[in-house]
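Each residue takes its place number in the sequence, starting with 1. Because the structure is predicted, anything quoted here is derived from the model rather than measured.
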Amino acid sequence: MDRMPAWADAVLVPLISILLAALLSALVILAIGESPVEALLLMVDGALMRSTGWGYTLYYATNFIFTGLCVAIAFHASLFNIGGEGQAMIGGLGVALVCLFIPFPHWSIALLVATGAAALFGAGWALIPAWLQARRGSHIVITTIMFNFIAAAVLNYVLVNLLRPAGAMDPATAPFPAATHLPSFHDMFATADNPLFRGSPANVSFFLAVLACLGVWLLIWRTRLGYEIRAMGFSESAARYAGISPVRITVITMLISGGLAGMMALNTTMGEAERLVMNATEGAGFIGIAVALMGRSHPLGVLLAALLFGFLYQGGAELALWTNIPRELITVIQALVILFTGALDNMVRVPLERMFMALRRRAS
């Protein structure tokens with residue numbers, strides 16, 4: 001018998017963790033002489049009450065959905081893919097190559113090809129750590145961390161020495177052709193009388209991220225491969241006894257995980273910058289770990305957690321712009337959320353389990 005209902009595990013535990021993180025964050029804001037209530041109202045106003053704020057919130061959330069799914073699908077196989085940052089960087093290289101060197105007639109065709117390239121390059125970057133884990137026993141955390149640094153070095157070399165236009169100073173490619181530019185939310189939803197999402201970078205790749213959530217749900221809970229991934233995550237020895245190859249599942253899972261991380265580049269490289277630049281990922285690969293933890297590795301949970309972190313990013317920018325609260329404080333708030341939803345998860349879970357078990361005994 002489960003110690004706690006599934007709804008409590010999926011909703012109540014993360015909610016209480018977020019509230020505890022918010023309480024500590026409020027104390028930190030008080031300690032620096034600012035009002036937590038005014039700070040919260042400003043974050044809500046800047047991130048949620050105007051279409052431009054929503055545009056930035058959804059832009060950040062799109063990145064976190066892809067990287068959160070990347071980490072979540074690896075979690076189901078009991079793998080800790082911490083290399084989403086590097087896989088997203090290399091995915092951006094794949095997007096840049098197809099956008100720069102293939103003459104597309106329309107953005108929709110460019111999006112389809114770039115999606116395949118981003119997924120292929122991201123998956124390819126995850127292949128070597130996957131093989132080392134499956135065949136040589138190398139720890140996936142160590143190898144994927146190393147490959148993050150290698151990806152940054154590779155991307156820097158390619159941008160500086162191979163793809164940088166002649167005479168340009170910054171390490172970036174030339175702008176992509178206009179036919180590859182993705183429609184922004186402003187292009188899609190604004191009218192002459194109501195200029196929605198003006199100036200915000202949210203674009204059509206957000207809907208691709210939502211479709212990715214649906215695809216991961218179907219894969220994990222509605223396919224044989226998904227069953228094998230979950231079986232290995234529960235017990236590798238039991239999965240091997242049932243005829244499931246841990247080597248095959250490890251490699252396939254990491255390829256899917258890396259492909260999802262690579263697809264994040266569609267938003268940053270093709271949708272927002274419309275060229276490949278250094279540091280386009282901006283740490284989204286690591287935020288994906290927190291998103292997956294908070295979302296309990298479920299696609300719906302990942303979607304909701306990504307929206308929360310998108311709100312924190314955009315709300316934090318508003319705080320830094322309009323108050324004396326430093327931008328670094330938002331990093332502290334994010335760290336507190338990660339702390340309570342990850343490292344201190346049992347601090348919330350154990351008392352709730354005891355409460356529900358006591359209620360069951362009383363009811364029986």
Side-chain angles (χ1 to χ4, degrees), residues 1-32 34-49 57 60-61 64-65 67-69 71-72 75-76 78 80 213 216-217 220-221 233 284 286-316 318-319 325 328-364:
M1 179 184 294
D2 292 334
R3 296 183 177 183
M4 187 165 49
W7 68 266
D9 180 62
V11 177
L12 203 55
V13 173
L15 180 61
I16 293 176
S17 298
I18 292 171
L19 290 176
L20 289 173
L23 178 61
L24 281 182
S25 301
L27 294 177
V28 173
I29 293 173
L30 276 175
I32 63 175
E34 298 287 339
S35 167
V37 175
E38 290 182 6
L40 176 61
L41 292 176
L42 183 59
M43 290 179 70
V44 170
D45 180 67
L48 302 178
M49 302 308 291
T57 298
Y60 294 127
F64 303 147
I65 290 171
T67 56
L69 291 175
V71 176
F75 276 165
H76 281 291
S78 196
F80 195 176
C213 290
V216 169
W217 179 81
I220 294 297
W221 281 281
F286 298 111
I287 296 297
I289 300 170
V291 169
L293 287 171
M294 180 176 290
R296 296 295 186 268
S297 297
H298 191 285
L300 178 59
V302 167
L303 173 62
L304 297 176
L307 290 171
L308 171 65
F309 275 89
F311 163 77
L312 289 176
Y313 260 60
Q314 173 57 16
E318 293 289 327
L319 285 183
I325 298 176
E328 290 73 19
L329 182 63
I330 300 306
T331 305
V332 173
I333 296 174
Q334 292 166 0
L336 289 171
V337 172
I338 295 169
L339 182 68
F340 279 99
T341 57
L344 298 181
D345 180 74
N346 283 335
M347 189 179 77
V348 176
R349 182 183 302 278
V350 172
L352 282 177
E353 287 178 347
R354 291 173 178 168
M355 182 188 75
F356 278 104
M357 291 178 69
L359 291 173
R360 277 201 199 97
R361 285 195 298 266
R362 191 171 301 173
S364 60

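At a threshold of 4.5 Å between non-hydrogen side-chain atoms, the residues Val13 and Leu352 count as touching. Counting heavy atoms from C-beta on, the side chains of Ile220 and His298 never come closer than 4.5 Å. Inter-residue side-chain proximity for Val37 and Leu41 is flagged as met; some heavy-atom pair is nearer than 4.5 Å. Counting heavy atoms from C-beta outward, Phe64 and Val302 have side chains that stay 4.5 Å or more apart. Contact annotation: the side chain of Tyr313 approaches that of Ile287 to within less than 4.5 Å [non-hydrogen atoms, C-beta and beyond]. Taking the side chain as every heavy atom from C-beta outward, Trp217 and Leu300 never approach each other to under 4.5 Å.
By the salt bridge (charged side-chain N to carboxylate O under 4.0 Å, His left out) test, Glu34 pairs with no residue at all, sequence neighbours left out.
In terms of heavy-atom proximity, Val216 sits nearest to Pro299 at CG1-CG, 3.9 Å. Here the closest heavy-atom approach between residue Ala305 and residue Gly295 is recorded as CB-N, 4.2 Å. The two residues Val348 and Ser17 come nearest to each other via the heavy atoms CG2-OG, 3.7 Å. Looking at every heavy atom in both residues, Cys213 comes nearest to Ile65 through SG-CG2, 3.5 Å. The shortest non-hydrogen separation linking Gly68 to Ala292 is O-CB, 3.6 Å. Minimum heavy-atom separation, Trp221 to Ser297: CH2-O, 4.3 Å.
Remark: Glu318 CD to Phe311 CZ distance equals 10.5 Å, nearest 0.5 Å. Between atom CG of residue Leu336 and atom CG of residue Leu23 there is a gap of 10.0 Å, rounded to the nearest 0.5 Å. Going from atom CZ of Arg349 over to atom CG of Leu12 covers 10.5 Å, rounded to the nearest 0.5 Å. Here the CE-CG distance, from Met294 to Leu304, works out to 10.5 Å after rounding to the nearest 0.5 Å. Distance CD/Glu38 to CD1/Ile29: 11.0 Å, rounded to 0.5 Å. Annotation: the span from Leu69 atom CG to Leu303 atom CG amounts to 8.5 Å, rounded to 0.5 Å.
Of the possible polar contacts, none joining the Thr57 side chain to the Gln314 backbone as a donor-acceptor pair under 3.5 Å is found.
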